Q: 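Just passing along the structure, written as C-alpha cells.
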Amino acid sequence: MKVIALSVVVPVYNEEQGLHALFERLYPACDALHVDYEIIFINDGSTDRSAALLREQFNRRPECTRVILFNGNFGQHIAIMAGFEHSRGRRIVTLDADLQNPPEEIGKLLAKMDEGYDYVGSVRKQRRDSRWRHYASRAMNRLRERITHIRMTDQGCMLRAYDRTIIDAINQSKEVNTFIPALAYTYASKPAEIEVEHEERAAGVSKYSVYSLIRLNFDLVTGFSIVPLQTFSFFGIIISLLAALFVVFLVIRRIVVGPEVEGVFTLFAITFLLMGIILFGIGLLGEYIGRIYQQVRQRPRYLIQAILEQQDQA
Ligand code: UDP
Ligand code: MG
C-alpha cells in the first residue's frame, strides 16, 4: 500500500443537502496544503441520495477520493473506524460532513502536529449550538474528566488530527460502541488542543437526539472506566455500615423503650431511597454487561457493500 502524507476521513449519513457545499470547500482546502492526500468518505447506510453524490464526486476526483459504502447504518464512530482501517496517510484528520468544522482549519491542525504532537484535538471558538446544549456538555465534560481521565475540552468537535501510530493502535482495538477521540486520547503520548472556528450545520438535520447524547456519554464513561462500579461498591460498604449501626440502635431501643410503630413514613423514605440506589446499581451493572455481551458476540462491526477507489491506490 502506497503511503501518503494525509488522509481525511469523513463519515456521511443522510447528508445529501450539504455534500455539495462540503466538496466545494474540502477539496480546495486540501489542495492548498500542497501535500499528497486522500479523502475517504464512508457512507453509513444513508437512505437519501448521499451515496449517489459520493459516487459522482469519486468520478470527478478519482485520484484523491475513496468511498466506502456500508451495507447499513453502523454509526458515526464505526464509520470512522472503517475509514481508519482503509487509510494510508501518515497523518489522519477526521471531519464531520455537515461543515460544522470548517475544512480550512485542517492546515492549522497539521501545523500543530509539526510541533511534535501526535494528537491534536480542537475546541470550537464560539459555539453556535443552543444554550442548554452548551451547559449540558460543559457539565458532562467535567464529570467525564474526573471519571475517565480523558481530557477533552470539546467532545462534540470531531475535527481532529492523529498520527499514524495512534491510528495503528486504534485499528488493533476490537472495541464496539466506542468513541474515537477518547480512544485515540488513551493511545496518545503527546496530545494538544487548538481553537477552531465553528459554524452552524450547513444543511440537513443533526442525527443526534437528546437520548443519543445521553447514551453517548454513558458509553464514554462505561467504555473507558470502571470507576462507577468501584464507587458503587464503596457506596454499598458505607450504607451497610450505617445500616448495621442502625440495627444495633433499634435493638437497644426495642429493649429499653419497648415495641413502637412511630416513624413508618421515615422508614418508607429511607427504603425508597435505597431502592432507587439499588435500581441505579443494577442499571449500571447492565451497562457493563451489555458492553461485554456486544464484545463477546464478535460480530463484524460493519459490512461493506463496495469500495470505490482507483486500482493503484489499493
Ligand atoms: N453520522 C454517521 N452515522 C450516523 C450518524 C451520523 O456517519 O449514524 C455522521 C454525519 O453524517 C456527520 C457526523 O456523523 O458527518 C456527525 O453527525 P451530526 O452532525 O448529525 O452530529 P452533531 O454534529 O449534531 O453532533
Ligand atoms: Mg454536526
Side-chain angles (χ1 to χ4, degrees), residues 75 77 121 131-156 169 173-189 191 193 208-298:
H77 293 272
R131 182 165 279 242
W132 80 264
R133 227 178 130 161
H134 180 73
Y135 286 120
S137 71
R138 271 245 309 259
M140 213 29 242
N141 267 8
R142 290 230 185 87
L143 185 65
R144 192 214 48 240
E145 247 168 54
R146 281 244 178 95
I147 300 178
T148 62
H149 306 293
I150 292 171
R151 295 199 154 274
M152 241 189 309
T153 314
D154 191 352
Q155 74 178 41
S173 315
K174 292 293 167 224
E175 261 179 83
V176 292
N177 249 331
T178 194
F179 188 72
I180 299 288
L183 189 60
Y185 187 94
T186 58
Y187 297 137
S189 50
E193 281 187 332
Y208 286 103
S209 60
V210 178
Y211 172 73
S212 53
L213 279 180
I214 294 173
R215 266 276 20 114
L216 176 79
N217 282 302
F218 252 114
D219 282 340
L220 248 178
V221 170
T222 57
F224 289 91
S225 164
I226 54 164
V227 169
L229 282 180
Q230 290 164 337
T231 319
F232 216 80
S233 32
F234 186 70
F235 218 59
I237 293 173
I238 304 245
I239 290 182
S240 329
L241 281 180
L242 288 178
L245 289 179
F246 194 49
V247 167
V248 173
F249 169 75
L250 286 183
V251 167
I252 294 172
R253 207 182 149 85
R254 173 67 180 75
I255 295 165
V256 178
V257 188
E260 324 162 86
V261 279
E262 294 298 314
V264 177
F265 290 106
T266 322
L267 184 63
F268 267 120
I270 295 172
T271 312
F272 282 137
L273 175 71
L274 288 182
M275 262 159 54
I277 294 173
I278 292 169
L279 284 178
F280 177 74
I282 294 173
L284 190 67
L285 274 179
E287 290 286 330
Y288 284 96
I289 293 174
R291 292 191 76 83
I292 299 169
Y293 168 62
Q294 284 175 328
Q295 203 71 55
V296 297
R297 278 192 310 200
Q298 296 203 337

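A quick note: this is a predicted structure, and the numbers were derived from the prediction, not measured.
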Q: Enumerate, atom names and distances included, each donor-acceptor pair closer than 3.5 Å involving a side-chain atom of residues 241-255, sequence neighbours excluded.
A:
residue : atom : partner : partner atom : Å
Arg253  : NE   : Glu260  : OE1          : 3.4
Arg253  : NE   : Glu260  : OE2          : 2.8
Arg253  : NH2  : Glu260  : OE1          : 2.8

Q: Just jot down the ring pair (Phe, Tyr, Trp, His ring centres under 6.0 Å) partners of Phe179, sequence neighbours excluded, or say none.
A: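 Checked Phe179 against ring pair (Phe, Tyr, Trp, His ring centres under 6.0 Å); matches are His77.
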Q: Can you name the side chain to side chain contact (heavy atoms under 4.5 Å, CB included) partners of Leu273, sequence neighbours left out?
A: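 Applying side chain to side chain contact (heavy atoms under 4.5 Å, CB included) to Leu273 gives Ile277.
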Q: Output the distance between atom CD1 (Ile278) and atom CD1 (Ile282), rounded to the nearest 0.5 Å.
A: 7.0 Å
Q: On a heavy-atom basis, which atom in Pro181 and which in Met152 lie closest, and how many Å separate them?
A: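 Shortest heavy-atom separation between Pro181 and Met152 comes out as CB-SD, 3.7 Å.
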Q: Hey, can you pull the donor-acceptor pairs under 3.5 Å for the side chains in residues 210-220, sequence neighbours left out?
A:
residue : atom : partner : partner atom : Å
Ser212  : OG   : Ser209  : N            : 2.8
Ser212  : OG   : Ser209  : O            : 3.0
Ser212  : OG   : Ser209  : OG           : 3.4
Arg215  : NH1  : Glu287  : OE2          : 3.3
Arg215  : NH2  : Asp219  : OD1          : 3.2
Arg215  : NH2  : Glu287  : OE1          : 2.9
Asn217  : OD1  : Gln155  : NE2          : 3.0
Asn217  : ND2  : Leu213  : O            : 3.0
Asp219  : OD1  : Arg291  : NH1          : 3.4

Q: How far apart are the C-alpha atoms of Asn141 and Arg144, what are their side-chain angles, what is the distance that settles it, and do they pass the side chain to side chain donor-acceptor pair (under 3.5 Å) test?
A: CA-CA 5 Å; Asn141 267 8; Arg144 192 214 48 240; 3.0 Å; yes
Q: Parallel, tilted or perpendicular: which describes the rings of Phe265 and Phe268, with under 30° parallel and over 60° perpendicular?
A: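 Plane angle between 30° and 60°, so tilted.
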Q: Can you name the closest pair of heavy atoms from Arg151 and Glu145 and give their distance?
A: NH1-OE1, 3.0 Å
Q: Who pairs with Phe234 by ring pair (Phe, Tyr, Trp, His ring centres under 6.0 Å), at least two apart in sequence or on another chain?
A: none
Q: How many angstroms lie between atom OH of Tyr185 and atom CD1 of Ile150, to the nearest 0.5 angstrom?
A: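 Tyr185 OH to Ile150 CD1: 8.0 Å, rounded to 0.5 Å.
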Q: In Å, rounded to the nearest 0.5 Å, how long is the span from CZ of Phe235 to CD of Gln230?
A: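 One finds 15.5 Å between CZ of Phe235 and CD of Gln230.
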Q: If I compare all heavy atoms of Tyr288 with all of Ser225, which pair ends up nearest, and what's the gap?
A: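 Answer, listing the atom of Tyr288 first, then Ser225: OH-O, 2.6 Å.
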Q: Tell me, with the steps shown, if Ser173 and Leu183 meet side-chain contact (heavy atoms from CB on, under 4.5 Å).
A: CA-CA 9 Å; Ser173 315; Leu183 189 60; 4.2 Å; yes
Q: So, using side-chain hydrogen bond (donor to acceptor under 3.5 Å, both in side chains) as the criterion, who are the partners of Tyr293 when residues are at least two apart?
A: Arg297
Q: Going from CG on Asp154 to CD on Glu193, what distance comes out if it is rounded to the nearest 0.5 angstrom?
A: 8.0 Å
Q: Does a side-chain heavy-atom distance below 4.5 Å link Phe232 with Leu285?
A: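 They are not in contact (no side-chain heavy atoms under 4.5 Å apart), so the answer is no.
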Q: Can you give me the closest heavy-atom contact between Thr231 and Val227, atom names plus distance?
A: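 Shortest heavy-atom separation between Thr231 and Val227 comes out as OG1-O, 2.6 Å.
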Q: With the side chain counted from C-beta on, respond yes when Pro228 and Ile147 share a heavy-atom pair under 4.5 Å apart, and no when they do not.
A: yes
Q: From Leu284 CG over to Leu279 CG, what is the distance, rounded to the nearest 0.5 angstrom?
A: 12.5 Å
